[in-house]
Amino acid sequence: MAEVAKISREDVVSYIENISVLELSDLVKELEKKFGVTAAAPVAVASVVGAPAGQAAAEPATVSVILANAGDKKIQVIKVVRELTNLGLKEAKDLVDDAPKPIKEGIKKEEAEEIKKKMEEVGAKIEIK
């Protein structure tokens, strides 16, 4: 019987960190097909019905940072996007060219504010949703 090599969780994470976005997308599709699952996030419907008048709904635990417009300093914006996302040059350029696009999703509001500040320093227009 052939011996199966043991791969640690850290090895898997390290591998994923070092592949391109396109390779990661292909890997996810292959895993979805093999195991008959989907990586799509479930859609939750939130309701504020019954909240007292004048009381706003609680802030979401996580937010998304959206690049609305790259502004005049596109090259600097691409550099900051690469720094923030670890995307390759082509992927970062495509993201900037296709604005409005999310830069990061599902992050804490504090982190989103820091990202917004960095991006606006190089002339980008940012939305936090």
Side-chain angles (χ1 to χ4, degrees):
M1 184 175 241
E3 187 174 321
V4 176
K6 300 235 178 181
I7 300 173
S8 72
R9 182 176 288 199
E10 291 80 22
D11 291 338
V12 173
V13 171
S14 177
Y15 171 75
I16 291 171
E17 287 176 335
N18 292 303
I19 62 176
S20 73
V21 175
L22 294 174
E23 291 171 319
L24 180 57
S25 176
D26 289 342
L27 176 62
V28 169
K29 288 175 188 171
E30 189 173 327
L31 291 171
E32 287 175 336
K33 184 177 176 183
K34 177 162 182 77
F35 296 108
V37 296
T38 180
V43 177
V45 178
S47 176
V48 191
V49 174
Q55 185 177 17
E59 282 193 29
T62 60
V63 296
S64 296
V65 179
I66 312 294
L67 172 65
N69 184 313
D72 296 335
K73 301 177 184 174
K74 186 173 163 183
I75 293 173
Q76 288 83 352
V77 171
I78 292 170
K79 287 179 182 179
V80 175
V81 167
R82 289 189 68 201
E83 172 189 326
L84 295 170
T85 62
N86 294 322
L87 289 174
L89 179 59
K90 182 180 181 343
E91 291 87 0
K93 181 184 179 304
D94 289 345
L95 187 150
V96 170
D97 286 342
D98 294 340
K101 282 285 225 189
I103 296 172
K104 280 203 168 186
E105 299 177 295
I107 60 173
K108 293 183 179 180
K109 185 159 176 78
E110 296 80 25
E111 182 182 356
E113 291 294 340
E114 291 174 22
I115 291 171
K116 180 178 180 179
K117 182 180 176 190
K118 280 184 178 181
M119 294 296 292
E120 287 179 342
E121 285 175 359
V122 292
K125 303 285 187 266
I126 299 294
E127 297 174 4
I128 296 178
K129 295 185 179 181

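Not counting sequence neighbours, the partners of Lys90 by the side chain to side chain donor-acceptor pair (under 3.5 Å) test are Asp94. Judged as a side chain to side chain contact (heavy atoms under 4.5 Å, CB included), and not counting sequence neighbours, the contacts of Ser14 are Asn18. Residues satisfying the side chain to side chain contact (heavy atoms under 4.5 Å, CB included) test with Pro100, not counting sequence neighbours, are Ile66. Not counting sequence neighbours, Asp26 has no partner by the side chain to side chain contact (heavy atoms under 4.5 Å, CB included) test.
Under a hydrophobic clustering in which Ile, Leu, Val, Met, Phe, Trp and Tyr are joined whenever their side-chain heavy atoms come within less than 4.5 Å, directly or via other members, Val12 and Ile19 fall into the same cluster. Follow the hydrophobic side-chain contacts under 4.5 Å out from Val28 and you reach Tyr15 in the same cluster. If you chain together hydrophobic residues whose side chains sit under 4.5 Å apart, Ile16 and Leu31 fall into the same group.
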Going through the distances and angles, do Lys108 and Glu110 end up as a salt bridge (charged side-chain N to carboxylate O under 4.0 Å, His left out)?
-> CA-CA 5 Å; Lys108 293 183 179 180; Glu110 296 80 25; over 6 Å; no

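Val63 is not listed as a side-chain neighbour of Lys129, based on a closest heavy-atom distance of 4.5 Å or more. With contacts defined as side-chain heavy-atom distances shorter than 4.5 Å, the pair Glu111/Lys104 qualifies. At least one side-chain heavy atom of Ile115 sits less than 4.5 Å from a side-chain heavy atom of Val65.
Rounded to the nearest 0.5 Å, atoms CG (Leu95) and CZ (Arg82) are 12.5 Å apart. The distance from the CZ atom of Arg9 to the CD1 atom of Ile7 is 13.5 Å, given to the nearest 0.5 Å.
Distance alone, capped at 3.5 Å, is enough to place a donor-acceptor pair between the Glu23 side chain and the Ser20 backbone.
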Side chains of residues 116-123: which donor-acceptor partners sit under 3.5 Å, not counting sequence neighbours?
residue	atom	partner	partner atom	Å
Lys118	NZ	Glu83	OE2	3.2

Name the atoms and distances for all side-chain donor-acceptor pairs under 3.5 Å in residues 67-81, with sequence neighbours left out.
residue	atom	partner	partner atom	Å
Asn69	OD1	Gly71	N	2.6
Lys74	NZ	Asp97	OD1	2.5

